[in-house]
Colleague: 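Got a structure for you, questions after.
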Amino acid sequence: MAMRPRPSWRVVPPLACAALFGSCGEQSALDPRADPAREIATLWWWMLAAAGIVAGGALFLLWVGWLRRRRPGLPLLGSNERVSNALVIVFGFGIPLAVNVVVFVVANFVVAKATDAPDPRSTPMTIEVVGHQWFWEVRYPGTTAVTANEIHIPVGTRVNVVARTGDVIHSFWVPQLNRKIDMIPGHTNRVLLEADEPGRFRGQCAEFCGAQHAHMAMYVYADPPDRFRAWLRAQSAARRAPTTPEQRRGERAFLDEACASCHTIRGTAAHGRIGPDLTHLQSRSTIAALALPNRSGELDRWVRDPQHVKPGTRMPALELSDSEFDAVLTYLESLK
Ligand code: CUA
């Protein structure tokens, strides 16, 4: 007889959330995978329960009031004015005040402390994330690795994320791992990332930052330590040199045309800092801050007409001949 899979309680929060709000996918704060996110989810469920009881009680009293609209006094308690005044004070003032004080203390002291920025001395690893309109630049201090929109961290390791911005205010938020943290011009903030298990966690800019704010997403990959080290070593290397005449032609066109003034490809003369580092573009599963999957046809669409995919993006449509476009695309597809 075939074994039936055992039900997992883990599916309950996302299902409840989906039932309540229609959709909560891989980016749900109610499906936490790290201790700080669990504290936030627990607070959320307690607040939902308290608000549910209060709203239910208020609706119940309204209903009783409507049923008894033609009768004087209170059910069971009669028309004693002192009793009804006491009820108004307890339910209208005393209980709401007590609930709000408890929520204030728990949210601002207990949960705020549990999700607080880490002491950098307590974290074996630091990464720098810089928000840009509209992508995330990711640096690994102590190495030459630079990537964009896809952050890798070793699983079970406390990672200190140093958050800055290159332009306007953004907010770095990976709901399954921790709270959000603002990226403010001229200021540095920190947030802890630590995933309990390997996996991919979606994050999103959580502060309106212009036309493409919604298309400013990212992935955090929590890798087993060996895989993470191999990834970091590969990302620290210079670009894979072109091996075919078409790739060489593409690299030349990339360096001669506007591309190199905005993008960096380590190992070449391209040192632009306006757009993402493309040295290992093909190691990423998405382009344009998750706006498109990183597939040949989509990369083509993006490079030929970025304003159509992401109106307002700083990536311009380039004036290249068809054969130059093809060569540049062949070259970009070779950047493993
Ligand atoms: Cu960056 Cu919203």
Side-chain angles (χ1 to χ4, degrees), residues 21-32 34 36-37 40 44 115 117 126-141 145-153 159-193 195 200-221 262-264 272-278 281 284-294 298-299 302-303 305-316:
F21 306 115
S23 92
C24 309
E26 52 178 347
Q27 202 180 262
S28 173
L30 301 182
D31 184 18
I40 294 168
W44 191 91
T115 61
T126 291
I127 61 178
E128 292 172 7
V129 182
V130 186
H132 294 273
Q133 285 174 315
W134 290 279
F135 72 97
W136 310 89
E137 173 187 339
V138 187
R139 295 179 168 268
Y140 289 77
V146 183
T147 185
N149 308 321
E150 298 190 14
I151 301 171
H152 287 246
I153 60 173
V159 178
N160 174 32
V161 175
V162 175
R164 290 183 290 117
T165 173
D167 38 52
V168 300
I169 301 179
H170 303 273
S171 186
F172 177 91
W173 190 31
V174 188
Q176 287 179 287
L177 301 183
N178 205 341
R179 60 155 122 161
K180 58 185 81 160
I181 194 84
D182 281 354
M183 301 169 134
I184 297 164
H187 190 78
T188 299
N189 272 332
R190 285 182 291 119
V191 69
L192 173 77
L193 284 190
R200 188 182 77 178
F201 309 100
R202 195 178 193 278
Q204 166 70 40
C205 180
E207 182 75 44
F208 181 72
C209 56
Q212 293 298 329
H213 157 69
H215 284 145
M216 186 167 169
M218 79 192 104
Y219 281 134
V220 172
Y221 291 87
C262 291
H263 294 281
T264 292
R273 290 282 305 269
I274 293 169
D277 184 299
L278 301 178
L281 173 64
R284 312 205 276 260
S285 66
T286 60
I287 41 182
L290 277 56
L292 293 173
N294 188 6
E298 306 289 349
L299 185 62
W302 170 246
V303 175
D305 194 0
Q307 294 300 323
H308 182 82
V309 176
K310 213 166 160 175
T313 178
R314 298 180 77 178
M315 167 103 168

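Order of appearance sets the numbers: ligands from 1, and atoms from 1 within every ligand.
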Colleague: In chain order, what residues pass the side chain to side chain donor-acceptor pair (under 3.5 Å) check against S171, with sequence neighbours excluded?
Modeller: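 Once residues adjacent in sequence are excluded, the partners of S171 under the side chain to side chain donor-acceptor pair (under 3.5 Å) criterion are D182.
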
Colleague: Among all residues two or more places apart in sequence or in another chain, which pass the side chain to side chain contact (heavy atoms under 4.5 Å, CB included) test with D167?
Modeller: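 With neighbours one apart ignored, the set is H132, Q133, T165, H170.
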
Colleague: What are the protein N/O/S atoms, named by residue and atom, that sit under 2.8 Å from atom 2 (Cu) of ligand 1?
Modeller: C205 SG, E207 O, C209 SG, H213 ND1

Colleague: Considering only distance and modelled atom types, tabulate donor-acceptor pairs under 3.5 Å from the side chains of residues 211-221, sequence neighbours left out.
Modeller:
| residue | atom | partner | partner atom | Å |
| --- | --- | --- | --- | --- |
| Q212 | OE1 | H215 | ND1 | 2.7 |
| Q212 | NE2 | P311 | O | 2.8 |
| H213 | ND1 | E207 | O | 3.0 |
| Y219 | OH | R200 | NH2 | 3.3 |
| Y221 | OH | S285 | OG | 3.1 |

Colleague: Is a donor on one side and an acceptor on the other found under 3.5 Å between the side chain of N149 and the backbone of W136?
Modeller: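 Here the side-chain-to-backbone pair exists.
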
Colleague: Say whether T264 and R273, considering side chains only, have a donor N or O and an acceptor N or O under 3.5 Å apart.
Modeller: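 On atom types as modelled, these side chains do not qualify, holding no pair under 3.5 Å.
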
Colleague: To the nearest 0.5 Å, what is the distance between CZ on R139 and CG on D277?
Modeller: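 Going from the CZ atom of R139 to the CG atom of D277 covers 7.5 Å.
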
